[in-house]
Structures are given as C-alpha cells and as structure tokens.
Amino acid sequence: MPDNISSPKKSKNFIYEIIDEDLKTNKWSGRVHTRFPPEPNGYLHIGHAKSICLNYGIAKDYNGKFNLRFDDTNPTKEEKEYVDSIIEDVKWLGADFEDRVLYASDYFEQMYDYAVQLIKKGKAYVDDLDNETMREYRGTVTQPGKESPFRNRTVEENLYLFERMRNGEFNDGEKVLRAKIDMSSPNMLLRDPVMYRIIHASHHRTGNEWCIYPTYDWAHGLEDSIEGITHSICTLEFEVHRPLYDWFLDQLEIYHPQQIEFARLNLSYTVMSKRKLLELVEKRIVDGWDDPRMPTISGFRRRGYTPESIWNFSELVGVAKRDALTDISLLEYAIREDLNKNAQRVMAVINPIKVVITNYPEGQTEFLEAVNNPEKPESGKRQITFSREVFIEKDDFMENPPKGYHRLVPGGEVRLKYAYIIKCEEIIKDNSGNIIELRCTYDPETRSGGPSTKKVKGTIHWVNSKDSLDAQVRLYDRLFTIENPGAEENWLDYINPYSLKIINNAKVEPFLKSVKPLDKFQFERLGYFCLDYKYSNENNLVFNRTVTLKDSWNAKK
RNA sequence: UGCCGGAUCGUCUAACGGUAGGACAGCGGCCUUUGGAGCCGUAUGUAGAGGUUCGAAUCCUCUUCCGGCAGCCA
C-alpha cells in the first residue's frame, strides 16, 4: 500500500490467522510470499483490486514478498494491451512487486519437463478423444465417467506422441495430454483433467515457439511452486480445484504452496465479470474500459477515485468465505472520506441562472477571500472576484418553495458564500414563462468576514459572470437499475439509460484555468470532480463528477 | 440427484464455549458562511428444530436455503 496511508488496524481475517499459525509452526521457514496472478485478457476491476490489496497487504504486513505474475497460458484470449494496462493499474494502486513482473510463459519449458516426468511415472497420457466424446466420457455430476480407450498407452508411446504434439505434427483439438487420476471421482476436476491442448496460435510473448499450451490446473500450481509462493490466494470458485492443485505437486514431489480461497467482491448496481465488462466495451454501451462508469480500476481512476480510497474500501469490505454483495455506498464513503480531507474547494455553477445585483455599482469589481479547504487550514486561501452580475444554481431559487427550503425565494434573503447577503426583488421570465434572470439587491454591511452579525438560513455558491470559465461537466449515475444485474440472464436489459448526463454550459471560477488531468476538486455543495484526461483540452474544460456530496435535504424529499 | 463450500443487524464484517461488537446505510439531535464535514444519540441481527453444557453464534444431530463443479477458459 502507498506509504502515505497508515497501515489500518485490521481485525484479523481467517487468512491472517492461517499465516500466524504457519509462522508459529515454522511451516515456511518464516517466509511469506504472495502473488497476484491475472490472465491478461481484460482490464482489472475493483474485484482484482481487493485481491491485490489482500495479497500485497499480507506481504507488507509480514515483511514478505509479492509477485505480479501473468497467467498467460491461453494465447487466443490474451493481448499485450492488457498486460500493459494491468501493470499500470497495479502500480497505480501502489502494490510494490519490485522487479518481479513474471510470466507463466517463461516457465513453459519447465512445465513441459514436468509433464514428461508425469508421463514417465504413468500418471499422464495422450488422448485422441475429440472434445465432444471426451465430454460424454466424463460423465455427469451424479454419474461416474468412463475411461478413454487411449488411457492405457505405454509410457513410450505417450512420450513419443507428446513430443510430436509439441513439434506441431497435429492439428488443434486432435490430441491432448491428460492426467491419469480417476474417471469416477466425485470431484469432476479429478476425472483425468486436460494438462495440455494444441493451439496453433501466436502468443503475445512466445510467438510461435509453442503450439501446445498448459491448462490452468496444470500450470497454476507449478507457477506458484517455481516462484516459491507460500500462500496461493484465490477466489472461492477454485475451491474444488484445490485437490487437483495438490495432486499435481504431490505427484511431482516438488515445493508445494498452500492454496487458500476467499469470497470474491461483488458490488451492487454493477457487473464484475470480465466477459460482461468486455461486452459493455464491445457493444459501445460504455466509452471503453476506462469509462468512468465502469467498475474497472482505470474507470475509477478516470472517475477521480484515489488509490488510498480503494485501499480503504478494500479494508472495509473485509475478507471471508461467504458470498457477498457489497453496497456501492461503502465505496462512495471511502472516496468521500479521502476527498473531503484533501480536495481543493472551488465554486462552480452547473446549471446557471443570471443574478443582477441592482444596487451594486456597475463596472465595480472587488476581491474576496475563499477558503481552499476547511479541513486543511494550511492549504490557505485564494482570491475570488465579485461584481454586479453573478451566476447561481437554478436549483437554488424557487418561486414556490416547499417547507424547509433554505435557499433563495421571492423577497427572501440568502448568503452568497464568501460575499454578501442578497435579497430577491424581481423575477424576469421569457415569453414562455421560464425564469431567465433574477434581480436582487445586496446588503453592503454583510460582506463576508465583516462585523455584521446578520444571519440567514442558506448559503449558496456562485460564480462571477465577468471572469467565470465555461466548462463541460459529466455527471454519472449507477450503470444498472437493479442491485445485482450480474445475476440476471438478460442483464443488459437493466442498463440505466441516465447513467451519464453531459452538461455543457457550466460556469466555473477562474482558479480552474490551469488544472491538470485527474486534478481533484470539490465543487462546493455539488460534489467532487476531476479533470477528464480524455476529453479535456486547452479550450475545453471537461470535469467528471466522482461522487456527490451527501445531501440530507435531497434525501428528505 | 453426487461432491465441495457457506449461512450473524438493510449491507459488509467481528466475536475461536463466558456481556453479540464495529463500519456503511438509516433515523433523531447539536453545530455550521458547503442542507458538506464534525460531534452526540438511537433502532435493527446469530436460518430452523433438537441435543451436549452451569453457560452455545461457536460443539454434535437433523432440516432448510444459498453458492461452486459436467471448457481442450481462468
């Protein structure tokens, strides 16, 4: 985790308890070595972030090591672009893998040798059954399978055939190498699982060097073993794979890490499977993997989330073995907490309406002081300007206000933050009855910081019409309309059509003239925003709303 | 229907035979030049039935419900 956040007090989850016990019994000679092993077939999402935080957090807490390892065993699904994005995301999160960016593909030769060993022990064989027949032979969850007619080939024949597989003498699907275990095992994974399949495809790292590729079950334990991993932490769906993980390593009699499973993260109102995320990207429902509505790490980054907030969130959700659906509000809490403490405050009006202060001298401009961050006095103050015409938020005026409305109303008073108390004297409407301008008067005695003790119920934000900048603002809402879209067959039917709202005529204070991509701000009373790196440029400011402020008034209505 | 897991406030998560606690969300109040933040207060939970025990969320039995496994994906 980044050094600037303190290691949070974690109530020990069950994995920490296992490690504590291992340390006590000296099972791994005092070592702790974890890894994060993504397949480079997509961008990382917040669920991966939880795993990264868990694995790296363990390494850090126990003075151990943490590897980033690409499980690149299937060239048909993997791409260099994904490798690059994953490295970027893991680095951004601050999980320090030092110089250990590792690849399963670097172990292909060694894995091949191990496979030869298994064949020689009579524990693996080349099978000619085609895909469909093999499935039939596997049986079902309630019925045992039956053995392949090729199961009892001699060691010599298997060795010969396996070498020919490697040499490219067969077509895709023509032959596989299988472990010889038990076709009637109640655990389907143990019914002679495939170790190698023939794929004549170019691999993003090994090119055409190989045409046989190891399967997950064969490869993963070997990768962990080769790297000296102590605790191989994965998600619950691999629980039934553990006996197989153990079987391979036991047969080979090589270094044997311990696989531990935990429940993957699910977040409400979004989907988390790579397949579904890919579909959202390919169908252009979102604007790429880093669309700010995506639950990807790059999406959250572009949205304005900080690594610290994701770390904190990851601590808050905890680690256990039961399936869970975590409410998105917990993530929002984590980012608000961070940004409240750290974000520069600034005034911006998203939905402007012009206010003319009729008793304020024309042509006059005065300077006022605004606080940069009330949570951080050391961040100081800045100057803002005030003059006769300002913009306020349309929502901050109501002609016929409901009970409890604290803002500007006809004949009522409200404070313009850091400036004066104004009173609404007149409403100007166009021909169709839309309010286009408010005429107000100000009370010169009430300048902010002055001696006046006059109090009003409401304080609203504003910008000076003279020097405000135009900006585009992008407001995001949840991508789906239901809590758990991933559980639905027709999950795409639940896309929220209003998940992105683009506002083009926002006005922001000139302080935002020279901001950099991803710079983070609180627009007072509106929420946290950051500069979008994709659409923002010199002449066109574009801000993404990271999250709203909590709004107890809106919530009440 | 076979095997493997799992079930604690609305949500997430603690409690390891000895007062069911925390966080988020909610509600109420105080405070406030952000209806933000902060502070204070508050409601809500051990899936069910038996058993062991002085004492059970925790151990045992049965039941119910949920998840995973029948890719040459990971």
When rounded to the nearest Å, what value does the distance between [atom1] atoms of [N] and [M] take?
N	M	atom1	answer
rU13(B)	rG18(B)	C1'	22 Å
rC9(B)	rC24(B)	C1'	12 Å
rA57(B)	rU1(B)	P	31 Å
rA15(B)	rA47(B)	P	16 Å
rU19(B)	rA14(B)	C1'	15 Å
rU61(B)	rC66(B)	P	23 Å
rC60(B)	rU53(B)	C1'	12 Å
rG10(B)	rA43(B)	C1'	12 Å

Closest to side chain of [X], choosing from [options]:
X	options	result
S448(A)	rG68(B), rU33(B), rA15(B)	rU33(B)
E524(A)	rC69(B), rU34(B), rG36(B)	rU34(B)
A320(A)	rA14(B), rG5(B), rG68(B)	rA14(B)
V141(A)	rU33(B), rC72(B), rC69(B)	rC69(B)
P374(A)	rG35(B), rA70(B), rG36(B)	rG36(B)
E39(A)	rG5(B), rG35(B), rA74(B)	rA74(B)
R135(A)	rG71(B), rG68(B), rC16(B)	rG71(B)
V176(A)	rU1(B), rC72(B), rG36(B)	rC72(B)
A324(A)	rA70(B), rC12(B), rA74(B)	rC12(B)

Need one value for [X]: base, sugar-phosphate or nothing, where a base atom within 4.0 Å counts as base even if backbone is also close, heavy atoms only.
X	result
N74(A)	sugar-phosphate
V371(A)	nothing
H241(A)	base
E332(A)	nothing

At less than 3.5 Å, do the side-chain atoms of R415(A) and the base atoms of rU33(B) form a donor-acceptor pair? yes

Round to the nearest Å and state the distance from [X] atom [atom1] to [N] atom [atom2].
X	N	atom1	atom2	value
H45(A)	rA74(B)	NE2	C1'	12 Å
L416(A)	rU34(B)	CG	P	13 Å
I392(A)	rU34(B)	CD1	P	17 Å
N266(A)	rC66(B)	CG	P	17 Å
N13(A)	rA14(B)	CG	C1'	11 Å
M347(A)	rU33(B)	CE	C1'	11 Å
L54(A)	rU13(B)	CG	P	12 Å
M183(A)	rA70(B)	CE	P	13 Å

4.5 Å side-chain heavy-atom contact, E509(A) and T385(A): no

Between Y305(A) and I297(A), is any pair of side-chain heavy atoms under 4.5 Å apart? no

Whichever of T215(A) and V456(A) has the more 5' nearest nucleotide on RNA chain B, that residue is V456(A)

So which one's nearest nucleotide on RNA chain B is more toward 5', P186(A) or L189(A)? P186(A)

How about [X] and [Y]: are their ring centroids closer than 6.0 Å?
X	Y	value
Y245(A)	H241(A)	no
Y213(A)	F108(A)	yes
F70(A)	Y82(A)	no
F386(A)	W462(A)	yes

Let's go through I392(A) and I353(A) carefully: what are the C-alpha distance in whole Å and the side-chain angles of both, what is the deciding distance for side-chain contact (heavy atoms from CB on, under 4.5 Å) to 0.1 Å, and is it a yes or a no? CA-CA 6 Å; I392(A) 67 165; I353(A) 179 166; 3.6 Å; yes

Could R166(A) and Y112(A) be counted as a cation-pi pair, given that NZ or CZ must be under 6.0 Å from the ring centre and within 45° of the axis?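 Judged by the rule, R166(A) and Y112(A) form a cation-pi pair.
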
rG21(B), syn or anti by chi within 90 degrees of zero: anti

Quick one: is [N] close enough that its OP1 or OP2 comes under 4.0 Å of any side-chain N or O from [X]?
X	N	result
R275(A)	rG71(B)	no
S552(A)	rG36(B)	yes
R197(A)	rC73(B)	yes
R322(A)	rA7(B)	yes
N131(A)	rC72(B)	yes
R138(A)	rG71(B)	yes
R525(A)	rG35(B)	yes

Sort out the partner of [N] for me: Watson-Crick or G-U wobble, both distances under 3.5 Å, none otherwise.
N	value
rA7(B)	rU64(B)
rG26(B)	rU42(B)
rG18(B)	rC54(B)
rU34(B)	none
rG2(B)	rC69(B)

Non-neighbouring partners of T306(A) that pass side chain to side chain donor-acceptor pair (under 3.5 Å), sequence neighbours left out: S309(A), D338(A)

Not counting sequence neighbours, which residues clear side chain to side chain donor-acceptor pair (under 3.5 Å) with K50(A)? List them please. none

Checking side-chain contact (heavy atoms from CB on, under 4.5 Å) between R345(A) and each of K376(A), R525(A), H461(A), E524(A), which is the one that passes? E524(A)

Are any of the side-chain nitrogens in E413(A) or K423(A) under 4.0 Å away from the carboxylate oxygens of its partner? no

Can you tabulate the close N/O pairs, meaning under 3.5 Å, that link protein atoms to atoms of nucleotides 21-25 of chain B?
unit_1, atom_1, unit_2, atom_2, d
rC24(B), OP1, Y333(A), OH, 3.3
rC24(B), O2', S329(A), OG, 3.3

